[in-house]
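Each remark here refers to the structure printed beneath this line.
In listed order, ligands and their atoms are each counted from 1.
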Amino acid sequence: MNTKYVFVTGGVASSLGKGIVAASLAKLLQARGLRVTIQKFDPYINVDPGTLNPYEHGECYVTDDGAETDLDLGHYERFLGVKMSKANNVTTGRIYYTVINKEREGAYLGKTVQIIPHITDEIKRRMLLLGKSGEYDVVVTEVGGTIGDMESQPFVEAIRQLQWEMPDEDLITIHLTLVPYLSAAKELKTKPTQHSVQMLQQAGIHPDIIVCRTEVELHDDIRRKVALFCNVKRGHVIQSIDASSIYQVPLNMEQEKLDELVLKHFGIDNLPKPDFSKLENYLEKLHNPKSEVDIALVGKYVELQDAYKSILESFIHAGAENCVKVNVHSIHSEHINEENVAEKLSAMHGILVAPGFGERGLEGKIAAIRFARENKIPFFGICLGMQMCIVEFARNVLGISDAASAEVVPSTANPVIALMEDQKSTTIKGGTMRLGAYKCELLKDSLAYKIYGKELISERHRHRYEFNSKYLELIEKAGMRATGKNPDTALVEVVEIPEHPFFIGVQFHPEYKSRPEEPQPIFVNFVKAAIDYKKNA
Ligand code: GLN
C-alpha cells in the first residue's frame, strides 16, 4: 500500500482546535492498526518556535531529539503516544533557510530562485519526508494559520500540486471551519464556512471533508446546506462539537465517522473497529472525581493558558489517576512578595513553580518556594522553578544573601546557578540551549526513586544554566540533597529536602512526557501529596 496523506487546513478563525481534530483522526486510524504519524507546518518566519516568547505562541514543546516545536506537537504525542521529532514541525523560516542555503551553495545552477517552484518544492519534499521513511501507513499534516492568510499560501499551493501529482486515493484534504451560533437569532450560520471553502477553492483545493466546529448540534438541514454550497458529498460534513475534555474528541470524531470516510477514500477496508477502552476508562475517571485539590501554578505567563499547556495537561492526567479534580490556580509571580505570600498561597494544597527565563517575577517565585518549604506544603519546581529552590535555600537557610542565578545577576559573588560550561561560547540564541532527552541517575533512598521506581530515567531539557556544584557540599550539609544527576556529566537534575513531606525540584521538564493513559509519575505523586496535605490540614 502507498503511504496515504491527510492534509488538514483551517478556515474562518484560529483556535478552532485544528490540532486536536488532526490528532483525533490520527488516533482513530492508529487505533485501527495503521502506523500513523502527524506533522505540523507553521507559516511564520522563525526557523522554530524556540525563540518565541510564550505570549506570542504559547508553550514551546520539546521533543526527545531536542527539537523546539509548536505546542500542537505536545497534543500529537499525548494522543498518539508516538514520539515526535525535528521532522514533525516545519516552519516557513525552516523552508526558506534550506532553500537560501542551497542557493548559496550554488545548487540551483544559475536559476532564479522563486516561490514556485523552489519554495513549494521544498515544502512538498518536507511534506512527504516522513512518509518516505517507510515507517508509516498514514501521514497527517496540519497546516497552521487560517485559509486566506498571505503567509500560508505557499503551503496551500504545495498541497494543490500534490493533489494534482498523486493518485486520488493517496491524498485527502479536510477543512476545519466554524459554524457560529447566534443566540439572539437562535440560528447557526453557514456563510463563514461557505466563504472559507470558496477561498480554499480559489487556491485550487477542493476539500473532501468539512469539519464544522460548533457549540450546538448541527442538524441535518445545516449539514445539507454546507454540503450543497461547498460542493462536498452529503455525509462529508461533520461536526466537531465543544467537548468537556479534548480526549473526548477522538470518540466524537468516531461517532461522526470521520475515520470511516477517510478510510473509504483511501480504499482501505476491513480494518478492525478501534478499541478505546483505555481512553474511556481514563475519561470515566476524569469525569467522576471523588474530591478536589487546589494547586498554585506560580509563573509569569499566567495570563495565557497555552503558555503552560503541558503542565496543565499533566495535572489533568495526574488528577484522573488519583480520582481527584485538580484546580490549578495560576498565580502571577510578579504579584507575590514576602508580605502577601501567605495570603496568596495558604489555601493551596500544593505549590508548583514554573519554568521560565529572565528576571521578571523571580523574587515572587523565591517567596513562594520559601513559603512552601517553611510551611511543609507539597512543592514541585520545574527548571527555573528548581533553580530558584537553590537560590532560596542558599539565601534563607545558608544565609548567603547575595546568592543568585548568573542568568539575572551575572556579577554576583555567589552564583549558585551558573551558566553551563558549553554555553559560555554560545552567542546565537536559536536552538543552542541544552535541549532534548538526557539520562538521569537517581539515588536509591530518594523521593525521586520512590516516584519513578527505577534508578535510570530519561527526561527532556531546555536550559542554559545549572546547579553550580561548588555549592553542593554546603547545600547538602544544610539539608537539601541532590538526588538525581546526569551519569555522564554529574550535572544536578533533581533536588529534594528529605525533612519536608514532599519537596522536589527538577532541572528537566517532566511535563512533556505525561499522557492521559500514562500520567507522569512526579505529577501523580505531587497530586497525591496534595491530597494527603489537604486531609491533614
Ligand atoms: N532560564 C533558565 C535556564 O536557561 C531556566 C530555563 C527553563 O525554565 N526552561 O537555565
Side-chain angles (χ1 to χ4, degrees), residues 48-64 66-69 71 74 297-302 304 306-312 314 333-334 351-366 368-369 379-392 394 403-410 412 415-438 440 459-469 471 482 484 486 489 491-495 504-513 520 522:
D48 61 43
T51 51
L52 287 173
N53 181 317
Y55 286 125
E56 293 283 319
H57 208 66
E59 167 189 275
C60 172
Y61 186 78
V62 179
T63 57
D64 259 4
E68 296 175 285
T69 72
L71 59 83
L297 167 59
V298 179
K300 70 170 173 178
Y301 308 113
V302 292
L304 190 77
D306 276 355
Y308 299 114
K309 194 77 204 165
S310 293
I311 293 179
L312 296 177
S314 302
S333 48
E334 267 189 318
I351 296 170
L352 182 141
V353 173
F357 294 85
E359 189 178 6
R360 200 164 61 90
L362 272 194
E363 292 305 317
K365 286 186 172 173
I366 293 170
I369 295 167
F379 173 81
F380 183 10
I382 300 180
C383 206
L384 183 67
M386 172 268 200
Q387 295 175 353
M388 289 308 110
C389 290
I390 319 292
V391 174
E392 190 278 322
S405 165
E407 180 179 3
V408 285
V409 194
T412 177
V416 288
I417 300 298
L419 191 61
M420 284 183 282
E421 200 48 46
D422 54 4
Q423 288 288 329
K424 288 187 177 152
S425 54
T426 307
T427 49
I428 289 175
K429 291 273 183 273
T432 55
M433 279 188 254
R434 179 171 180 253
L435 292 167
Y438 286 91
C440 167
E459 292 284 5
R460 297 177 189 171
H461 298 73
R462 185 173 188 246
H463 63 120
R464 289 187 205 282
Y465 292 82
E466 65 173 331
F467 186 145
N468 185 346
S469 53
Y471 293 86
N486 179 289
T489 61
L491 182 142
V492 174
E493 296 277 15
V494 187
V495 294
I504 189 164
V506 294
Q507 183 58 75
F508 47 76
H509 289 262
E511 71 274 21
Y512 293 140
K513 282 177 55 176
Q520 208 287 334
I522 309 184

Ser333 side chain to Arg360 side chain, donor-acceptor N/O pair below 3.5 angstrom: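 The criterion, which ignores hydrogens and geometry beyond distance, is not satisfied for Arg360 and Ser333.
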Contacts of Cys440 meeting side-chain contact (heavy atoms from CB on, under 4.5 Å) (sequence neighbours excluded), chain-then-number -> Leu442, Ile457, Glu493, Val494, Phe508
Nearest non-hydrogen partners of [X] and [Y], listed with the distance:
X	Y	result
Leu491	Met420	CD1-SD, 3.7 Å
Gly385	Phe379	O-CZ, 4.3 Å
Leu297	Ala354	CD1-CB, 4.0 Å

Under 3.5 Å: N or O atoms of ligand 1 paired with protein N or O:
unit_1	atom_1	unit_2	atom_2	d
ligand 1	1 (N)	Gly356	O	3.0
ligand 1	1 (N)	Glu407	OE1	2.7
ligand 1	1 (N)	Glu407	OE2	3.1
ligand 1	4 (O)	Arg464	N	3.0
ligand 1	8 (O)	Gly356	N	2.9
ligand 1	8 (O)	Gly356	O	3.3
ligand 1	8 (O)	Leu384	N	3.0
ligand 1	9 (N)	Arg462	O	2.9
ligand 1	9 (N)	His509	NE2	3.2
ligand 1	10 (O)	Gln387	NE2	3.1
ligand 1	10 (O)	Arg464	N	3.1
ligand 1	10 (O)	Tyr465	N	2.9

Salt-bridged, Glu407 to Arg464, with N to O below 4.0 Å?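 No, no charged N to carboxylate O under 4.0 Å.
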